[in-house]
Amino acid sequence: MTASFRVLLLILTLALGGCGSAQVTPQTAASLQKEQTVAAVFFSKKTVDYDEQVYKVLYNETEHHESSFEGIWDVDQEYTDRWSKDLVDLGVNSQSVDRILEDKQALAELRKALGAVTLDAPLVLPESVKRALLEKNVRFLAGVRSPGFFVMGNSLNAVNCRLIFGVWLVVYDVRSGRQEYIEHLSLQGTVPVKGSLRELESNNLALLKEHGAKLFQERVPETMREALGRGKK
Amino acid sequence: MGALFEKRLGVRLRFQVSRLLLGSCVALATLGCAHRLGPPAGTEVVHVETGKTTKAYVLDKLGLPTTRDTDGQLELWGYADGPAVSSVQTASVRGPNHDVALKTRRGPGAQSIVMVYVFDAAGVLVEVNDMRGKQ
């Protein structure tokens, strides 16, 4: 076997591996239905990052604005409650993490650990958090982590903008301390605006909440369904 | 007679097309200048009163703050006067084949906070700091 053929084979294996949908093992899928699972969603940045390309005739300018909703909108709670319900609909024995974990310190540490999850860094829960979860008979953590909301616009297209937020979906076995599943999704969709991109913030963030929830609902539960080996709806 | 008419018509058409093009350029330039990332209302036109104005009012008029900090029981909302330029892209024509090259230059990127609104634990405004003279 020549070296170039082996490289080609490796590339093909990696490419095909990337195409296949990741799944949890059938044992884990069965355990998720029987044993206690906690749902947690964590946004590591409580901001909306706007980028708009502004046409200036002789050049293009990218303008950036950051809006913070920290302390104004409890995005983690809202998405965690929704995610927990989605999991229940999928037959997972799930509850919102804050309903189970009364220890605020452990809850903060869990969120911090979840915030550190990226594609190349598996979730690692501190021992104190694992202990607190095991004391409540929790076997799995079904976590979703997002770096925050990103909005892109173009001054030549004044009637809509693009809302984007990436999410990492993680299933972690608290008992074994092993990450059983991870999947990255880029959630994005068009949001109609009448003029300013910051209309997403009007009426208590109505457009951001509505379209963010829609994007989440369209992809995340479906991805989890596939991960549990149930195929597409 | 016919040739003269055609010539006149041609000149007229060219004039109208030029006018249309000029109009389009002006329209695009005006549209391009529009800022769509500033606050819903300028900080200078929003009337606030310490001891009375609430977070909900400021949120409604100015949108979300650019920065948010806490100091004990106090909450500090910082507002920038507009977006920051994060990059500028220019096009230039080069070489004998008139190739168009795009060049991207990074801008300063950071927004400057011009107003800080301080709220108490009940969400009522206790202080306003206008930073414009201090920068």
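Naming: A, B, ... by sequence-line order, numbering from 1 per chain.
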A:Gln53 versus chain B, heavy atoms under 4.5 Å apart: side chain, backbone, both or neither? side chain
Need one label for A:Asn154: side chain, backbone, both or neither, based on atoms under 4.5 Å from any heavy atom in chain B. backbone
Is it the case that the side chains of A:Thr62 and B:Ser86 hold a donor-acceptor pair, with the cut-off being a distance below 3.5 Å and no angle test? no
Inter-residue atom distance [X].[atom1] - [Y].[atom2], 0.5 Å rounding:
{"X": "A:Leu205", "Y": "B:Leu59", "atom1": "CG", "atom2": "CG", "value": "7.0 Å"}
{"X": "B:Leu62", "Y": "A:Glu201", "atom1": "CG", "atom2": "CD", "value": "10.5 Å"}
{"X": "B:Asp60", "Y": "A:Asn203", "atom1": "CG", "atom2": "CG", "value": "7.5 Å"}

When every non-hydrogen atom of B:Val88 is compared with those of A:Glu61, the smallest separation belongs to CG2-CG, 4.1 Å
Return all side-chain donor-acceptor pairs below 3.5 angstrom for residues 63-71 of chain B, not counting sequence neighbours, or 'none' if the list is empty.
from, atom 1, to, atom 2, distance (Å)
B:Thr66, OG1, B:Ala80, N, 3.2
B:Arg68, NE, A:Glu70, O, 3.1
B:Arg68, NE, B:Glu75, OE2, 3.2

As an exercise: rank A:Val151, A:Val48, A:Ile72, A:Thr47 by heavy-atom pairs under 4.5 Å with chain B and give me the winner. A:Ile72
Got a sec, which residues hit side-chain contact (heavy atoms from CB on, under 4.5 Å) with B:Gln73, two or more places apart in sequence or on another chain? B:Ala121
